[in-house]
Amino acid sequence: NLEKSEEIDENLIKEELYRLSSTSNEDEILEEVMGEYSSSEKIPNVMHFVSFGCRSFKPYNFLSWVSAFLFRKHFQVSIDQNISLEKPDLIILHTDCSPQTSLWHKFEELAGDKLKILPRTPPNSIWGKELTSVEHQSDITRLHILLKFGGIYLDDDVLILKSLDELRSKEIVLGEENYDALGMSD
């Protein structure tokens with residue numbers, strides 16, 4: 001429960017979103033890309049990843065991205081049954097430095113035109129407070145993108161083992177990080 005002094009001020013959030021949007025034309029580019037992917041669901045079938053700083057693209061990152069690209073809508077193993085893959089309409093990497101490894105290039109090849117790489121400058125402050133870590137810059141960027149455009153945000157160490165479609169009809173869905181357990185849902 002929020003105390004009276006801790007209530008969320010939607011106007012302050014809107015003002016800060018506007019400030020973040022007005023620093024460059026990055027949101028205009030994203031709006032153009034996202035405009036092509038309207039959805040009848042509340043949450044668009046668009047996956048967002050945010051990566052700041054030039055870092056390596058490791059095997060577990062590759063597996064995470066592949067699982068995001070090929071998440072299953074129906075998966076029945078039987079000679080008489082078909083396997084139906086429900087792919088996202090679009091996967092967007094928001095970054096200031098694209099990966100340049102052979103695994104990344106394999107993923108680019110697999111994803112084809114479903115993958116868009118959008119240049120994004122890491123924010124340097126939020127509500128006047130300096131953001132000094134790449135993790136906090138990524139946090140602010142992902143919240144900004146989801147609040148303004150919608151979609152699904154994933155860290156690149158998440159493996160999707162079943163469809164996310166049932167979650168897309170909700171207003172908002174948030175995961176809870178737990179360091180001593182594997183997060184699974186039925």
Side-chain angles (χ1 to χ4, degrees), residues 1-39 41-58 60-61 64-65 68 88-100 104 115-160 164 167-181 183 185:
N1 293 337
L2 294 175
E3 297 292 326
K4 185 79 171 162
S5 63
E6 296 175 320
E7 286 182 14
I8 296 172
D9 185 336
E10 289 185 38
N11 287 329
L12 281 177
I13 292 171
K14 288 177 185 175
E15 287 172 15
E16 193 62 12
L17 281 175
Y18 177 76
R19 186 192 67 79
L20 289 169
S21 297
S22 65
T23 57
S24 71
N25 69 341
E26 294 165 345
D27 279 359
E28 293 170 14
I29 295 168
L30 181 56
E31 191 169 331
E32 187 177 311
V33 169
M34 290 285 293
E36 301 173 25
Y37 298 95
S38 61
S39 172
E41 297 291 338
K42 292 180 180 177
I43 298 175
N45 192 19
V46 175
M47 302 264 182
H48 298 277
F49 290 88
V50 175
S51 177
F52 292 133
C54 297
R55 59 189 187 91
S56 63
F57 191 74
K58 298 180 176 166
Y60 71 86
N61 301 126
S64 174
W65 282 72
D89 293 333
L90 188 63
I91 296 177
I92 303 174
L93 170 60
H94 305 268
T95 186
D96 62 344
C97 183
S98 295
Q100 296 300 318
W104 173 253
L115 175 66
K116 301 283 188 221
I117 302 170
L118 298 183
R120 173 111 8 212
T121 305
N124 56 17
S125 67
I126 184 78
W127 286 301
K129 296 187 185 219
E130 184 180 3
L131 297 171
T132 57
S133 76
V134 71
E135 293 84 7
H136 292 157
Q137 292 170 328
S138 177
D139 291 342
I140 297 305
T141 300
R142 87 176 63 133
L143 289 173
H144 170 77
I145 290 166
L146 291 177
L147 284 170
K148 191 161 182 182
F149 299 100
I152 300 166
Y153 172 83
L154 295 172
D155 282 328
D156 63 1
D157 61 355
V158 172
L159 287 176
I160 298 175
L164 302 177
L167 301 176
R168 292 182 43 241
S169 63
K170 311 288 185 204
E171 287 286 328
I172 187 170
V173 179
L174 297 172
E176 180 179 11
E177 200 164 334
N178 185 337
Y179 293 104
D180 60 351
S185 172

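Model, not experiment: these values are computed from the prediction. Note that these values count all heavy atoms, side chains included, but never hydrogens, waters or copies made by symmetry.
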Whether Asp96 side chain and Gly53 backbone form a donor-acceptor pair below 3.5 Å: yes

Any residue meeting side-chain contact (heavy atoms from CB on, under 4.5 Å) with Ser98, in chain and number order, not counting sequence neighbours: Thr95, Gln100, Ile117

Side-chain contact test, heavy atoms from C-beta onward, threshold under 4.5 Å: evaluate it for [X] versus [Y] and give yes or no.
X      : Y      : value
Leu131 : Asn124 : no
Thr121 : Phe52  : no
Lys116 : Leu93  : no
Asp156 : Trp65  : yes
Arg120 : Val50  : no
Asn45  : Arg168 : yes

Of Leu90, Leu154, Asp89, the residue whose pairing with Met47 passes side chain to side chain contact (heavy atoms under 4.5 Å, CB included): Leu154

Derivation and outcome, side chain to side chain contact (heavy atoms under 4.5 Å, CB included), residues Ile92 and Leu115: CA-CA 6 Å; Ile92 303 174; Leu115 175 66; over 6 Å; no

Side chain to side chain donor-acceptor pair (under 3.5 Å) against Ser64, all qualifying residues, sequence neighbours excluded: none

Ionic contact status for Lys58 with Asp157, cut-off 4.0 Å: no

From Lys129 atom NZ to Ile126 atom CD1, the distance as rounded to the nearest 0.5 Å: 11.0 Å

Inter-residue atom distance Phe49.CZ - Leu118.CG, 0.5 Å rounding: 13.5 Å

Candidate pair His48 and His94, rule side chain to side chain contact (heavy atoms under 4.5 Å, CB included), full reasoning: CA-CA 7 Å; His48 298 277; His94 305 268; 2.9 Å; yes

Output a table of donor-acceptor pairs, distance under 3.5 Å, between side-chain atoms of residues 133-153 and any protein atom two or more places apart or on a different chain; print 'none' if there are none.
unit_1: Ser133; atom_1: OG; unit_2: His136; atom_2: N; d: 3.2
unit_1: Ser133; atom_1: OG; unit_2: His136; atom_2: ND1; d: 3.2
unit_1: Gln137; atom_1: NE2; unit_2: Pro123; atom_2: O; d: 3.3
unit_1: Ser138; atom_1: OG; unit_2: Arg142; atom_2: NH2; d: 3.3
unit_1: Asp139; atom_1: OD1; unit_2: Arg142; atom_2: NH1; d: 3.1
unit_1: Asp139; atom_1: OD1; unit_2: Arg142; atom_2: NH2; d: 3.2
unit_1: Thr141; atom_1: OG1; unit_2: Gln137; atom_2: O; d: 2.8
unit_1: Arg142; atom_1: NE; unit_2: Tyr153; atom_2: OH; d: 3.4
unit_1: Arg142; atom_1: NH2; unit_2: Tyr153; atom_2: OH; d: 3.2
unit_1: His144; atom_1: NE2; unit_2: Asp27; atom_2: OD1; d: 3.2
unit_1: His144; atom_1: NE2; unit_2: Asp27; atom_2: OD2; d: 2.7
unit_1: Lys148; atom_1: NZ; unit_2: Ser21; atom_2: OG; d: 3.0
unit_1: Lys148; atom_1: NZ; unit_2: Asp27; atom_2: OD2; d: 3.3
unit_1: Tyr153; atom_1: OH; unit_2: Asp155; atom_2: OD1; d: 2.7

Minimum-distance pair of heavy atoms, taken over all atoms of Glu26 and Pro119: CG-O, 3.7 Å

